[in-house]
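Before any comments, here is the structure.
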Amino acid sequence: MSCNSSVTHVQLSSLAQAERAPVHLMPCEIEHSGAAHVSQYFAAAIKDNKHEKTVSFRGRGLRGTELSCPPGYTGLVLKEVDKTGSDQEDRTVKVSSVFDKLTYWNLETPPNSDDTVVMAMGWPELAEAIHGPVED
C-alpha cells in the first residue's frame, strides 16, 4: 500500500511583511484567486445592526456576524508560491495578510452557535480543558 503524502511549507519570513486585512467568509465558492475590491463593492453596502450584519450579494441576502480569533491566535491568509517546473506534490505558501477577527456570513439565516465556524472558534479553549494539566 503506498502513501501519497504531501507537505506544505510556510515561508515564515513573509509573516513580517503581511498587512492586516478585513476577512469575509462567504457561503459560496468564488472562482477567483486575485485581489477583490471588497471595500468598493461589498463592505460599503453592509448594514450593521447591534449583533448582526446584513448585505445583498448578487441578489441574495446574507446575514453575518463578526467573530474574533481565539485569544492567543492570529488568522493567516496564505497564498501559494509559484511552483514553476516542479512536479512534486509538496507546496510552499506565504502569508499574504493576517487578521484577528473575521466576518462570517450565512445565506439568509443568521450565524448561530451550531455553525461549524462558530464552534471552531471555541475549540482551543475546549482542547485546553480536555488536554490541559489536571489539578488535584
Side-chain angles (χ1 to χ4, degrees):
M1 181 164 123
S2 76
C3 178
N4 291 342
S5 63
S6 62
V7 175
T8 300
H9 303 276
V10 178
Q11 287 181 343
L12 293 178
S13 61
S14 63
L15 184 58
Q17 299 143 2
E19 297 180 12
R20 290 211 170 268
V23 172
H24 295 269
L25 183 56
M26 306 284 286
C28 58
E29 185 176 325
I30 300 171
E31 294 189 19
H32 178 71
S33 60
H37 301 287
V38 173
S39 60
Q40 184 178 357
Y41 297 109
F42 184 75
I46 295 173
K47 294 179 184 134
D48 200 351
N49 299 328
K50 288 183 181 181
H51 299 290
E52 182 181 276
K53 297 173 184 274
T54 58
V55 72
S56 177
F57 182 70
R58 301 183 74 90
R60 301 290 303 267
L62 300 178
R63 295 171 75 181
T65 191
E66 193 169 270
L67 301 174
S68 294
C69 292
Y73 286 78
T74 299
L76 305 176
V77 177
L78 304 174
K79 182 175 182 177
E80 189 164 13
V81 177
D82 187 29
K83 299 187 318 177
T84 56
S86 174
D87 61 350
Q88 63 187 20
E89 292 183 28
D90 292 355
R91 299 169 54 182
T92 301
V93 295
K94 68 178 185 174
V95 179
S96 62
S97 60
V98 296
F99 60 95
D100 57 1
K101 60 185 176 182
L102 63 100
T103 304
Y104 171 61
W105 297 98
N106 269 346
L107 185 61
E108 299 172 355
T109 61
N112 64 60
S113 60
D114 291 334
D115 290 347
T116 56
V117 173
V118 176
M119 289 189 291
M121 293 300 176
W123 177 249
E125 185 178 344
L126 180 59
E128 177 62 27
I130 294 170
H131 301 290
V134 178
E135 297 179 19
D136 291 331

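From a predicted model like this one, the values you see are computed outputs, not experimental measurements.
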Does [X] belong to the same Ile/Leu/Val/Met/Phe/Trp/Tyr cluster as [Y], with side-chain heavy atoms less than 4.5 Å apart forming each link?
| X | Y | value |
| --- | --- | --- |
| Val23 | Val98 | no |
| Ile46 | Leu102 | no |
| Met26 | Leu107 | yes |
| Leu76 | Phe99 | no |

* Using links of under 4.5 Å between side-chain heavy atoms of ILVMFWY residues, direct or through other members, which residues join Tyr73 in one cluster? ->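 Its cluster partners, ordered by chain and number, are none at all.
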
Closest heavy-atom contact between [X] and [Y]?
| X | Y | value |
| --- | --- | --- |
| Ser6 | Asp90 | CA-OD1, 3.7 Å |
| Glu80 | Val93 | CA-CG1, 3.9 Å |
| Cys28 | Phe57 | SG-CE2, 4.3 Å |

Whether Thr8 side chain and Arg91 backbone form a donor-acceptor pair below 3.5 Å:
no

| request: For residues Glu52 and Thr65, determine if any side-chain heavy atom of one lies less than 4.5 Å from a side-chain heavy atom of the other. | output: no

Next on the checklist: With a 4.5 Å cut-off on side-chain heavy atoms, are Leu62 and Pro27 touching?
Outcome noted: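 Counting from C-beta outward, Pro27 and Leu62 do come under 4.5 Å.
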
Contacts under 3.5 angstrom, residues 12-21 side chains, donor-acceptor by atom type, not counting sequence neighbours:
{"residue": "Ser14", "atom": "OG", "partner": "Gln11", "partner atom": "O", "Å": "2.5"}
{"residue": "Ser14", "atom": "OG", "partner": "Val95", "partner atom": "N", "Å": "2.7"}

So CZ of Arg63 and CD of Glu108: to nearest 0.5 Å the spacing works out to 9.5 Å

### Query
What distance do Tyr104 atom OH and Leu67 atom CG have between them, rounded to the nearest 0.5 Å?
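If I round to the nearest 0.5 Å, the distance is 8.0 Å.
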
Got more than 12 heavy atoms from elsewhere within 6.0 Å of NZ, Lys94?
no

Notebook entry, point to check: What do you reckon, is NE2 of His51 surrounded by more than 12 foreign heavy atoms closer than 6.0 Å?
Noted result: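 No.
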
task = Mind running side chain to side chain contact (heavy atoms under 4.5 Å, CB included) on His24 and Val55 for me, showing each step along the way?
result = CA-CA 12 Å; His24 295 269; Val55 72; over 6 Å; no

Which pairs would a plain distance check flag for residues 112-126, meaning a side-chain donor or acceptor within less than 3.5 Å of a matching protein atom at least two apart in sequence or in another chain?
{"residue": "Asn112", "atom": "OD1", "partner": "Asp114", "partner atom": "N", "Å": "2.7"}
{"residue": "Asp115", "atom": "OD2", "partner": "Asn106", "partner atom": "ND2", "Å": "2.8"}
{"residue": "Asp115", "atom": "OD2", "partner": "Asn112", "partner atom": "N", "Å": "3.2"}

